[in-house]
There are 2 protein chains.
Amino acid sequence: MSRQAIVSQPTNALEERLLQALREAGLRLTPQRRAICRYLAGTKEHPTAQQIFAAVKPDFPSLSLATVYNTLDALVRLGAVHALGGAGDGAIHYDADTNPHVNLACLQCHRVVDLPCETVAELDRRVARESGYRILGARLVYYGLCPDCQRAEQRAAA
Amino acid sequence: MSRQAIVSQPTNALEERLLQALREAGLRLTPQRRAICRYLAGTKEHPTAQQIFAAVKPDFPSLSLATVYNTLDALVRLGAVHALGGAGDGAIHYDADTNPHVNLACLQCHRVVDLPCETVAELDRRVARESGYRILGARLVYYGLCPDCQRAEQRAAA
DNA sequence: TCCATAGTTTAGAATCCATCTAAATTTGGA
DNA sequence: TCCAAATTTAGATGGATTCTAAACTATGGA
């Protein structure tokens, strides 16, 4: 038991899925890992390791960045979260939503958002059928300029 | 004229497309930029900026990394090459093949292959239309078990 | 419950990618 | 040819990620 108080117990399905992935891999469920999983499961953002660190640090003053990277590495290797690189800020963003969807990364403001798209489902089926692979996950990222940054660019050009 | 000798003149269609993109944007065709475009057009790999630098450096001993990044930035902004992030090594990979295709990554043997797929073109159009983003690049990765590793797994289970 | 130990965490150093800077150089048009 | 603006260069800088060794702890077994 950590010197940390036991924090709120309720878990959502996503959080439980992350914890389960760690358990099944034979990895230990430390309070730090629980906190990281909880944060990942509870945010709509696609945080970077640094953002996760900043968010969890208040509950674990001794938390080290290495622990965040360690945990994220494990989750990525297990396929429980997706690593979205190249958002233009040199940092890797992590996404706990592994359902097929498109991520849109703005190279200017570095925000990453989801784009629901029916064509993704069709692509899934085609890839599964034509590739011969047993598909376990997907990562679909488009890079570009979001509407806001496009407008800003046009104003700057004027 | 650079102090460099004029190197071989023949260009392939891909190289010419890159040079044309720079020309049309009103950017200057320096020997360094030509060499970078030539390398990009002539490789099947998805090189990082560092790899491009290392490959072109022998022909331009004074070449600076900043020039490589400068040129790649321009080409990406013009949509002539795609920036592929999150390849797992923390670096951005550049792909002069802008034809829509999917990467298939095997979680077991770690090989990555291309899968041409018409549905990708449709997805491209939909994303461009529905997102409001100006799309500059994409990375479409499905991961799972390749046919070979599926067979190996079945043998192991027996 | 207590122990042993293998797995984890930690702080900080080290590394690597990418960007920035100011000065020198070069391109392409007049 | 000459000039202005674009570009290149070397090196400094910033930031993300990885590495390391020592301290700590989760977990299973006695």
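First the proteins, then the strands, lettered A, B, ... as listed; each starts at 1.
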Verify the contact: side-chain N or O of B:Ser62 to OP1 or OP2 of D:dT9, cut-off strictly under 4.0 Å; return yes or no.
-> yes
Is any side-chain N of the basic residue among B:Arg23 and B:Glu16 closer than 4.0 Å to the acidic one's carboxylate O?
-> yes
In whole angstrom, give the distance that lies between atom CZ of B:Arg33 and atom P of C:dT25.
-> 19 Å
Minimum heavy-atom separation for B:Cys117 to A:Leu123, with atom names?
-> SG-CD1, 3.9 Å
How sharply is the helix from C:dT1-D:dA30 to C:dA30-D:dT1 bent, taking the axes over five pairs at either end and rounding to 10 degrees?
-> 40°
Can you tell me how far C1' of D:dT9 sits from CZ of B:Phe60, to the nearest Å?
-> 14 Å
Quickly work out the B:Leu75 CG to D:dT7 C1' distance and round it to whole Å.
-> 15 Å
Measure the OG1-NE2 distance between B:Thr48 and B:His93 for me, rounded to the nearest 0.5 Å.
-> 6.0 Å
Give, for atom OG1 of A:Thr71 and atom CG of A:Leu27, the distance between the pair rounded to the nearest 0.5 Å.
-> 9.0 Å
When rounded to the nearest 0.5 angstrom, what distance separates CD1 in B:Ile135 from CG in A:Leu145?
-> 9.0 Å
Indicate whether the side chain of A:His46 and that of A:Asp97 have a donor and an acceptor atom separated by less than 3.5 Å.
-> no
Among D:dT8, C:dT9, D:dT17, which nucleotide sits nearest the side chain of B:Gln32?
-> D:dT8
Provide a list of protein-nucleic acid N or O atom pairs under 3.5 angstrom, restricted to nucleotides 28-30 of chain C.
unit_1 : atom_1 : unit_2  : atom_2 : d
C:dG28 : OP1    : B:Leu29 : N      : 3.3

Take the protein atom NZ of B:Lys57 and the nucleotide atom P of D:dT8, then report the distance between them rounded to whole Å.
-> 14 Å
Close residues, residues 66-73 of chain A, relative to DNA chain D [heavy-atom separation under 4.0 Å] = A:Ala66, A:Tyr69
Select from A:Leu65 and B:Gln50 the residue whose nearest nucleotide in DNA chain C is closer to the 5' end of that strand.
-> A:Leu65
Atom CZ of B:Arg34 and atom P of D:dT7: how far apart are they, to the nearest Å?
-> 14 Å
To the nearest 0.5 angstrom, please state how far the CG atom of A:Leu140 sits from the NE2 atom of A:His101.
-> 8.0 Å
Does the side chain of A:Leu84 reach to within under 4.5 Å of the side chain of A:Tyr94, using non-hydrogen atoms?
-> no
Name the nucleic acid region contacted by A:Leu63, choosing base, sugar-phosphate or nothing; use a 4.0 angstrom heavy-atom cut-off, strictly under.
-> sugar-phosphate
Round to a whole Å and report the spacing from CD1 of B:Ile92 to C1' of D:dG15.
-> 14 Å
What heavy-atom pair brings A:Ala55 and A:Pro58 nearest, and what distance separates the two atoms?
-> O-CD, 3.4 Å
So how far is it from B:Phe53 CZ to B:Tyr69 OH, rounded to the nearest 0.5 Å?
-> 10.0 Å
Give, for atom CG of B:Leu40 and atom CG of B:Leu18, the distance between the pair rounded to the nearest 0.5 Å.
-> 6.5 Å
